[in-house]
Amino acid sequence: MMIPTAKRFTIQEYHRLTELGFFQEGDRVELIQGEMIQMAAKGTAHTTVTKRLLRALGQRLGDRATMQIQDPLFLPPNSEPEPDIALVKNRADDYLSGHPTPEDVILVIEIADSSLRYDREVKLPLYAKAGITDYWIFNLVNNTLECYSEPYQDNRETCGYRQRRIVLPDERVSLPGFSDLLLDLAEIFPHQS
């Protein structure tokens, strides 16, 4: 008897499905380890934090890096996540020739409420395995920022980050790659009344 298995997609097959119109306008899907994952709907706190982050990052970064908002990252062999925000190195063609790869990434940011467990247990090891040096989770459950750095992979294929730093909502944090740029979390997290 044959045991059924899920079909895993390559990045090329995923792109071909997109070209063929398999996905509808507005579908929020990303490819994670060969599986097409439906992304969670965003609540008001998520969208508010996203807007505030975009404003603050844009003001501080200027043209020192390129900011992506829910755009794909190319993580061979079979993942193309679409993080909430990614800071990538500037490139003359603005990535017309292909999505950013791990070598292009300065910082990946996920904003998490209902997706917190997924962002920690699925995306964190995915980004670490790809060698993305800095990964932040804006934890809306606890109103803290989780900063992960120094990716590792052990000989059992376990991937993660050696460093985890918790930043409180009344603190400031410097942006990876830009030690002179500080982000004040009081500007970002929704104020509780």
Side-chain angles (χ1 to χ4, degrees), residues 25-30 32 37-73 75 80-91 94-95 99-100 102 104-128 130 132-151 161 163-193:
E25 185 72 30
D27 280 353
R28 294 182 28 93
V29 177
E30 60 186 353
I32 303 294
I37 305 296
Q38 182 76 36
M39 296 162 63
K42 297 178 282 186
T44 56
H46 186 287
T47 56
T48 297
V49 168
T50 302
K51 289 174 196 169
R52 291 177 178 177
L53 261 174
L54 293 175
R55 184 179 316 117
L57 291 170
Q59 290 169 348
R60 285 157 181 82
L61 284 169
D63 62 0
R64 294 171 69 178
T66 298
M67 198 168 18
Q68 290 196 160
I69 298 94
Q70 296 178 341
D71 289 335
L73 299 176
L75 307 183
E80 200 166 89
E82 297 184 12
D84 290 312
I85 299 172
L87 301 182
V88 297
K89 296 174 185 172
N90 289 330
R91 216 165 70 184
D94 285 322
Y95 296 95
H99 298 308
D104 300 309
V105 176
I106 299 166
L107 171 64
V108 169
I109 299 172
E110 295 287 2
I111 300 162
D113 39 22
S114 63
S115 67
L116 183 59
R117 184 174 176 187
Y118 182 76
D119 290 337
R120 284 180 180 155
E121 295 178 7
V122 175
K123 287 205 167 172
L124 184 146
L126 177 73
Y127 294 140
I132 291 173
T133 57
D134 289 279
Y135 174 48
W136 286 4
I137 299 174
F138 277 83
N139 177 339
L140 302 184
V141 175
N142 299 322
N143 273 353
T144 57
L145 170 60
E146 301 175 14
C147 301
Y148 297 91
S149 60
E150 298 182 29
Y161 287 91
Q163 299 294 320
R164 176 180 184 238
R165 177 179 172 213
I166 302 298
V167 185
L168 301 176
D170 60 347
E171 296 179 329
R172 297 165 73 181
V173 62
S174 62
L175 291 172
F178 305 98
S179 59
D180 60 318
L181 300 180
L182 293 176
L183 190 62
D184 184 350
L185 296 190
E187 295 176 32
I188 307 302
F189 283 108
H191 300 289
Q192 304 299 319
S193 50

Enter the distance from [X]:[atom1] to [Y]:[atom2] here, rounded to the nearest 0.5 Å.
| X | Y | atom1 | atom2 | answer |
| --- | --- | --- | --- | --- |
| D119 | E146 | CG | CD | 9.5 Å |
| L116 | E121 | CG | CD | 9.0 Å |
| I85 | I109 | CD1 | CD1 | 5.0 Å |
| L107 | L57 | CG | CG | 8.0 Å |
| R55 | L53 | CZ | CG | 10.0 Å |

Quiz prompt | Stepwise side chain to side chain contact (heavy atoms under 4.5 Å, CB included) test for V105 and Q68 | solution = CA-CA 10 Å; V105 176; Q68 290 196 160; over 6 Å; no
Provide the closest heavy-atom pair for [X] versus [Y] in the form atom of the first, atom of the second, distance.
| X | Y | result |
| --- | --- | --- |
| C147 | V167 | SG-CG2, 3.9 Å |
| L126 | P81 | CD2-CG, 4.2 Å |
| D84 | I111 | OD2-N, 2.7 Å |
| P72 | P100 | O-CD, 3.6 Å |
| T133 | Y161 | O-CE2, 3.9 Å |
| P102 | A130 | CB-O, 3.2 Å |

For a 4.5 angstrom cut-off between non-hydrogen side-chain atoms, does [X] reach [Y]?
| X | Y | result |
| --- | --- | --- |
| R120 | N139 | yes |
| I132 | L75 | yes |
| M67 | L54 | yes |
| I137 | K123 | no |
| Y148 | R164 | yes |
| Y95 | D104 | yes |
| D71 | H99 | no |

For residues 173-188, tabulate all N or O donor-acceptor pairs below 3.5 Å that involve a side-chain atom, not counting sequence neighbours.
from, atom 1, to, atom 2, distance (Å)
D180, OD1, R64, NH2, 3.2
D180, OD2, R64, NH1, 3.0
D184, OD1, A186, N, 3.1
E187, OE1, R60, NH2, 3.4
E187, OE2, R60, NH2, 2.9

Practice problem: Would you please test I106 and V88 for side chain to side chain contact (heavy atoms under 4.5 Å, CB included) and show each step? | Solution: CA-CA 5 Å; I106 299 166; V88 297; 5.8 Å; no
Practice problem: Please list, chain by chain and in numerical order, all residues satisfying ring-ring contact (aromatic ring centres under 6.0 Å, His included) with F189, sequence neighbours excluded. | Solution: F138
Practice problem: Would you check, one step at a time, whether the test side chain to side chain contact (heavy atoms under 4.5 Å, CB included) holds for K89 with T66? | Solution: CA-CA 6 Å; K89 296 174 185 172; T66 298; over 6 Å; no
Quiz item: Under 3.5 Å, side chain of S115 to main-chain N/O of A112, donor-acceptor pair present?
Solution: no
Practice problem: Would you please say whether a donor-acceptor pair under 3.5 Å links the side chains of Y127 and E110? | Solution: yes
Quiz item: With distance as the sole criterion, is a donor-acceptor pair present between the side chains of D134 and S149 under 3.5 Å?
Solution: no
Exercise. Before giving the answer on side chain to side chain contact (heavy atoms under 4.5 Å, CB included), spell out for E171 and L145 the whole-Å C-alpha distance, their side-chain angles and the decisive distance to 0.1 Å.
Key: CA-CA 10 Å; E171 296 179 329; L145 170 60; over 6 Å; no
